[in-house]
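All heavy atoms count here, side chains included; hydrogens, waters and symmetry mates do not.
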Amino acid sequence: MDKYPHLFSPVRIGETTVKNRIFMPPISTNLADKGYVTDDLVAHYAARAKGGVGLIVTEVTTVEPTYIYLPGDMSIHDDSFIPGWEKLTKAVHQYGAKILPQLFHPAYMAFPVPGTPRLIAPSNVGPYYAKEAPRAVTAEELQVIIRQFAEAALRVRQAGGDGVEIHAAHAHGLLGGFLSPLYNKRTDAYGGDLNGRLRLALEVVSQVRKACGKDFMIDVRISGDEYTDGGQNLNDSIYAAKQLEKAGADFIHVSGGTTIMRGSSIPAPGTPMGSHIRLAEEIKKHISIPVASVGRITEPWLAEELIANGRTDICMVGRANLCDPAFSEKAKQGREEEICPCIGCLRCLNGVMFGKRIACTVNPALEAVLENVSKAGAKAQGELGMDLVPQAQEQKDILVIGGGAAGMEAACIAAKRGHHVVLCEKEEELGGELRIAAVPIAKQDLTKVVKYLAGQLASAGVDVRLGCMVTKEMLSGEFAGYEVIAATGAFPVILKPFTAFKQWMSADEVLAGKAFPGRKVVVLGGGSVGCETADYLAPLVDDLYPRNREIILLEMADNIMLQETGPGRSLLVQRMRKKGIQIVCGAKVGRVDAEHIYYSKGGKEYCIDDADTLVFAAGYQIDPSVEEMLKESGAVYHMAGDAHSVGNLKSAISEAYETAMRI
């Protein structure tokens, strides 16, 4: 009997049967070429279809040529796009999956490509970051746009697509903006009350149905609640879902939040999985067509529970399918421990917003596979996945020094390529810095990465030796002739002049439980580690309880966590402020003695004279002794991860993967 019988049961969508209830929601990739389907795009979606997903909703696909959402997004605004879509649908269909493009008009959220005319919107209201107010689209222009949606949908049908998703969620793009009271201030037939705000979406659905027939799936994505004062709420969305069903929608994709309220539509690490399920559950009670839920559904057991308990009909599994294209098949076979875990970091989308191709922190093969497809051409479509690692031309003896993320990744890939691999870790546990990084609030998912990589080491046959410090004698003895990958990480920067303070420790020592601070703590450094440590040490509520810690964070820059842009950063900063952590930016510590910490800000000097602990979170530095030992031994070696260049988890794993693939 299947472990997940509800998840892998078929579902009827209109007149179409989909083989299971794991659907992939739209995730921008920046893989299109001026809107056209590329071999990379075909390979990307075919890999997920091959991995067992039931239905794929592609990323944003624009319906007209004037406004561009992201430079690498897809389009189908004229017939020249049909051949590419034919190739894409054929590649997905060969694995029994269905495919729907997400039809979209970006309107006031379009990318400001030079030459783009003034952006349009429901009203002259734009997002806070806009450089000028958009103009209100006219009722006559709306009739053209409605026709463009219908014509785009018809092209999808002609290309063999199974249907379309109409994007009207997140107060995002034209249709989402019309639905939201935040952006729609119109007083004509397309504004005012909810019936007016909903009219455009209803007319689009009606015209798509008229153009494409009843055997063509129409899915409408809405926010069940915008979670914002003055925004669309659950009562609105229940009514909207009923009207959309009457207009011809075959299922409703229930999301939540808005794109400009960070962390509301795309949930951050540490937030509850199934983040919008309450909305889907309530809307499902009031309509007869299927309902899909989305938002951090990253584990098979949860998807099964949500469907089995009647809370949703379909689970949209996005980032987890991105992280492991075989998510569905591994779940169906009961191989959950082999699923590459999504940690919710959103590195996949952070780069996309800046014009980069889609990437993944934990699965560097995502980028590598696309590069291989570019070289191999269309014949490789759908045949490349993260579990396919080419064999090395020459099998070697490989020594990996270090059992952190980079070391484990390098050892796994090298072993899968046919090398004999020994991994030596000086501690008694695998994981390295990841075990410390998992300690702060909302970072527990990092433990899954350690567990997953440890399982991969075992299945790949790597000889793992814990409590084993590699010495120069070992390199010239047992490991003579071994090619070495050094992934020994980095160590915290300790500013020696400031160690004059009566009690000091590194953030790593705090998080590892090796040192325990007092009641008034100064954290020196406002990067991710400093902020996470301050958040970890602060009381959960700022209630003036006498035994609460008081935390002061000093940062030289004008703001904190300048290298982070995702919703996780937003929620972390919000927590810090709610907890009463004193954040002082533009603060340069000049001198320290046993009792005092002096810093300057704005040309004035300040003194903290009642702190009992100074915590260093001033970054990391490479340990040069490892490379010196390797040079002296005469070994052929490679430095990977932080042992080579201090970076983040994504750069460490990616570099380790690339290093192992080159040997």
Check residues 581-592 and write down every donor-acceptor pair under 3.5 Å in which the side-chain atom is one partner and the other belongs to a residue at least two apart or another chain.
{"residue": "Q582", "atom": "NE2", "partner": "E550", "partner atom": "OE2", "Å": "2.7"}
{"residue": "R591", "atom": "NH2", "partner": "E605", "partner atom": "OE1", "Å": "3.2"}

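- Once rounded to the nearest 0.5 Å, the distance linking CZ of R549 with NZ of K579 reads 11.0 Å.
- Annotation: side-chain hydrogen bond (donor to acceptor under 3.5 Å, both in side chains) contacts involving residues 480-504, sequence neighbours excluded, comprise K396-E483, E483-H638, K502-E595, Q503-T613.
- Exactly one residue among I485, L630, V484, T659 makes a side chain to side chain contact (heavy atoms under 4.5 Å, CB included) with M639. That residue is L630.
- Counting heavy atoms from C-beta outward, I401 and Y637 have side chains that stay 4.5 Å or more apart.
- By the 4.5 Å heavy-atom criterion applied to side chains, M661 and V389 are counted as neighbours.
- Between the SG atom in C412 and the CG atom in L457 there is a gap of 4.0 Å [rounded to 0.5 Å].
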If you apply the rule side-chain contact (heavy atoms from CB on, under 4.5 Å), what do you find for C531 with M576, and how did you get there? CA-CA 8 Å; C531 291; M576 292 171 67; 3.7 Å; yes
Check the pair M408, Y452 against side-chain contact (heavy atoms from CB on, under 4.5 Å), reporting the backbone distance first and the verdict last. CA-CA 10 Å; M408 289 193 286; Y452 167 75; over 6 Å; no
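- At least one side-chain heavy atom of R519 sits less than 4.5 Å from a side-chain heavy atom of R547.
- With hydrogens and angles disregarded, no donor-acceptor distance shorter than 3.5 Å links the side chain of D623 to the backbone of F491.
- For the atom pair CZ (R319) and CG (D324), the distance works out to 15.5 Å, reported to the nearest 0.5 Å.
- Nearest heavy atoms, D463 versus R465: OD2-NH2, 3.1 Å.
- Contact record, C323 with V362: SG-CB, 4.1 Å, taken as the closest heavy-atom pair.
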Tell me, with the steps shown, if F327 and I22 meet side-chain contact (heavy atoms from CB on, under 4.5 Å). CA-CA 10 Å; F327 174 93; I22 301 177; 4.2 Å; yes
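- Counting only N and O atoms by type, the side chains of E658 and S654 include no donor and acceptor under 3.5 Å apart.
- Judged purely by atom type and a 3.5 angstrom limit, E329 has no side-chain atom pairing as donor or acceptor with the backbone of A326.
- Between R569 and E532 there is no salt bridge, since no side-chain N of the basic residue sits under 4.0 Å from a carboxylate O of the acidic one.
- Side-chain atoms of R48 never come within 3.5 Å of backbone atoms of I56 as a donor-acceptor pair (strictly under, hydrogens ignored).
- Under the 4.5 Å side-chain criterion, counting only non-hydrogen atoms from C-beta, L399 is in contact with L475.
- Nearest approach of I266 to P567, heavy atoms of both residues: O-CG, 3.7 Å.
- From E409, atom CD reaches atom OH of Y657 across 8.0 Å, with rounding to the nearest 0.5 Å.
- Side-chain contact between R296 and D445: present, with at least one pair of heavy atoms (C-beta onward) separated by less than 4.5 Å.
- Inter-residue side-chain proximity for N648 and R347 is flagged as met; some heavy-atom pair is nearer than 4.5 Å.
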Take D397 and F479, measure what side-chain contact (heavy atoms from CB on, under 4.5 Å) needs, and give me the verdict at the end. CA-CA 8 Å; D397 292 325; F479 298 120; over 6 Å; no
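- Residues D40 and T38 bring no donor and acceptor atom of their side chains to less than 3.5 Å of each other.
- Heavy atoms from other residues, nucleotides or ligands lying under 6.0 Å from CD of Q391 number more than 12.
- Proximity of a side-chain donor or acceptor of D593 to a complementary backbone N or O of H596 within less than 3.5 Å is detected.
- Between D535 and K443, none of the side-chain N atoms (NZ, or NE/NH1/NH2) sits under 4.0 Å from a carboxylate O, so this pair counts as no salt bridge.
- Residues K650 and C345 are not in side-chain contact: their nearest non-hydrogen atoms beyond the backbone lie 4.5 Å or more apart.
- When all heavy atoms are compared, the tightest approach of F498 to L524 is CD1-CD2, 3.8 Å.
- Applying the 6.0 Å contact sphere to NZ of K520 captures more than 12 heavy atoms from other residues, nucleotides or ligands.
- Listed for the E555 side chain is a donor-acceptor partner under 3.5 Å among the backbone atoms of A557.
- Under the 3.5 Å distance criterion, the side-chain polar atoms of R417 are matched with a main-chain donor or acceptor of A660.
- For CE of M629, the number of neighbouring non-hydrogen atoms (other residues, nucleotides, ligands) closer than 6.0 Å is greater than 12.
- Residue V523 comes nearest to I551 through the heavy atom pair CG2-CG2, 4.2 Å, listed as atom of the first residue, atom of the second, then distance.
- The shortest side-chain heavy-atom distance between N363 and P325 falls under the 4.5 Å cut-off.
- Remark: K448 NZ to I343 CD1 distance equals 10.0 Å, nearest 0.5 Å.
- Under 4.0 Å is where a charged nitrogen must lie from a carboxylate oxygen, and between E425 and R435 no such pair does.
- Here the closest heavy-atom approach between residue L430 and residue A454 is recorded as CD1-CB, 4.1 Å.
- Annotation for L562: atom CG counts as buried by contact number, over 12 foreign heavy atoms lying within 6.0 Å.
- Inspection of the Y4 and E336 side chains reveals an N or O donor paired with an N or O acceptor under 3.5 Å.
- Rounding to the nearest 0.5 Å places CG of L322 at 13.0 Å from OG1 of T298.
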